[in-house]
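As the structure is a prediction and not an experimental result, all values here were calculated from the model.
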Amino acid sequence: MNVETLAHPAEEVAPRLLGSVLTCKTSEGTVSIAITETEAYSGAADPASHAHRGRTPRNDVMFGPAGHLYVYRSHGLHWCANVVTGTDGIASAVLIRAGRVVEGEDLARERRGEKVESPRLARGPGNFCQAIGITAEHNGADLLTGIPVVLSEGEPVPPALIRVGPRVGVSKAHDWQHRFYLAGDPTVSAYRLSPRAKPSAGA
């Protein structure tokens, strides 16, 4: 993976990340996950984005440069990982929603629970981070250097397998078609409409 691939708007990069592999090395071991579901979030023009109201200490990484990891806590419970994209100084990032564990499944299962089925180990953004071992300490990590998290090319995904739909669980701009996923893949999370969602203008 190179910065040229990521230096585009989030909605362009999000489908390209399908099939890519994210690897995280910790003291416990290494886990690699092939990405099967993503969501694009931009800046001020995107009501669902953390950067909608401008730059803050929390979302600073989201403003670039491309190729870094933006990590945040969701609802005070789960870590979520985003690949920063676009032009330096302009907020743009792709949320990694789900994936298939391709290395370190035993460690991923230890983190997630012995009874969790393989397709569910990294299904959903919080589960993805728990399985791979990403936490707040990885916020800002350079994904192109591989220390300690690296994003690499995976098996090419046939365009015919890529599906597009509305974003999951957000109340604002939920109907924007910025969610990308692999058709029929058991690791992809189920679509869920937020009970607070209201129709919004498309992007």
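- In this structure, the side chains of T187 and I33 stay at 4.5 Å or more apart for every pair of heavy atoms.
- Residues T38 and R97 have side chains not in contact (no heavy-atom distance under 4.5 Å, counting atoms from C-beta outward).
- Within a 6.0 Å sphere centred on CZ of R53, other residues, nucleotides and ligands contribute 12 heavy atoms or fewer.
- Within the model, atoms CG of D185 and CG of L18 stand 9.5 Å from one another, a figure rounded to the nearest 0.5 Å.
- You'll find the side chain of H8 reaches within 4.5 Å of the side chain of R16, heavy atoms only.
- A donor-acceptor pair under 3.5 Å links the side-chain atoms of R112 to the main chain of L121, judged by distance alone.
- Closest approach of G133 and T26 over heavy atoms only: O-CG2, 4.2 Å.
- Counting only distance, with no hydrogens or angles, the side chain of H52 and the backbone of S49 share no donor-acceptor pair below 3.5 Å.
- Closest approach of T85 and P9 over heavy atoms only: OG1-C, 4.1 Å.
- One distance of note links CG of L22 with CD1 of I132; it measures 4.0 Å at 0.5 Å rounding.
- Between R111 and A131, the shortest heavy-atom distance links the atoms NH1-O, 3.0 Å.
- Clustering ILVMFWY residues whenever any of their side-chain heavy atoms sit less than 4.5 angstrom apart, transitively, puts V116 in the very cluster that holds L107.
- Contact annotation: the side chain of L151 approaches that of I35 to within less than 4.5 Å [non-hydrogen atoms, C-beta and beyond].
- With hydrogens and angles ignored, the 3.5 Å screen pairs no side-chain donor or acceptor of H178 with any backbone N or O of E39.
- Checked by atom type, the side-chain pair R100/T36 shows no donor-acceptor distance below 3.5 Å.
- Residues R167 and H174 form no side-chain contact, since every pair of their non-hydrogen atoms from C-beta on lies 4.5 Å or further apart.
- With rounding to the nearest 0.5 angstrom, the OG atom of S42 is 7.0 Å from the CE atom of M62.
- If you chain together hydrophobic residues whose side chains sit under 4.5 Å apart, Y191 and L182 never meet in one group.
- Within 6.0 Å of the CZ atom in R120, the count of heavy atoms belonging to other residues, nucleotides or ligands does not exceed 12.
- Nearest approach of A91 to F63, heavy atoms of both residues: N-CD2, 3.7 Å.
- A donor-acceptor pair under 3.5 Å is formed between the side chain of E37 and the backbone N or O of S189.
- Taking 4.5 Å as the limit, some side-chain heavy atom of V83 sits within range of a side-chain heavy atom of L143.
- The CG atom of L17 sits 12.0 Å away from the CD atom of E12 when rounded to the nearest 0.5 Å.
- Residue Y181 shares its hydrophobic cluster (ILVMFWY side chains chained together at separations under 4.5 Å) with V188.
- Other members of the hydrophobic cluster containing V102, listed by chain and number, are V21; membership follows side-chain contacts under 4.5 Å among ILVMFWY residues, whether direct or relayed.
- Listed by first then second residue, pairs satisfying ring-ring contact (aromatic ring centres under 6.0 Å, His included) with a partner in residues 24-50 read H50-Y70, H50-Y72, not counting sequence neighbours.
- At least one side-chain heavy atom of W79 sits under 4.5 Å from a side-chain heavy atom of R73.
- Residues P166 and Q177 have side chains in contact (heavy-atom distance under 4.5 Å, counting atoms from C-beta outward).
- The two residues A45 and W176 have their closest heavy-atom pair at O-CH2, 3.2 Å.
- Placement of V84 and L144 in two distinct hydrophobic clusters is found when ILVMFWY residues are connected by side-chain heavy-atom separations under 4.5 Å, directly or transitively.
- If you check the side chains of E105 and S118, you find a donor sitting under 3.5 Å from an acceptor.
- The nearest pair of heavy atoms linking L69 to V61 is O-CG1, 3.5 Å.
- The cluster map of Ile, Leu, Val, Met, Phe, Trp and Tyr, joined by side-chain heavy atoms under 4.5 Å apart, puts V31 and F128 in the same cluster.
- Taking NE2 from H68 and CG from D88, the interatomic distance works out to 8.5 Å, rounded to the nearest 0.5 Å.
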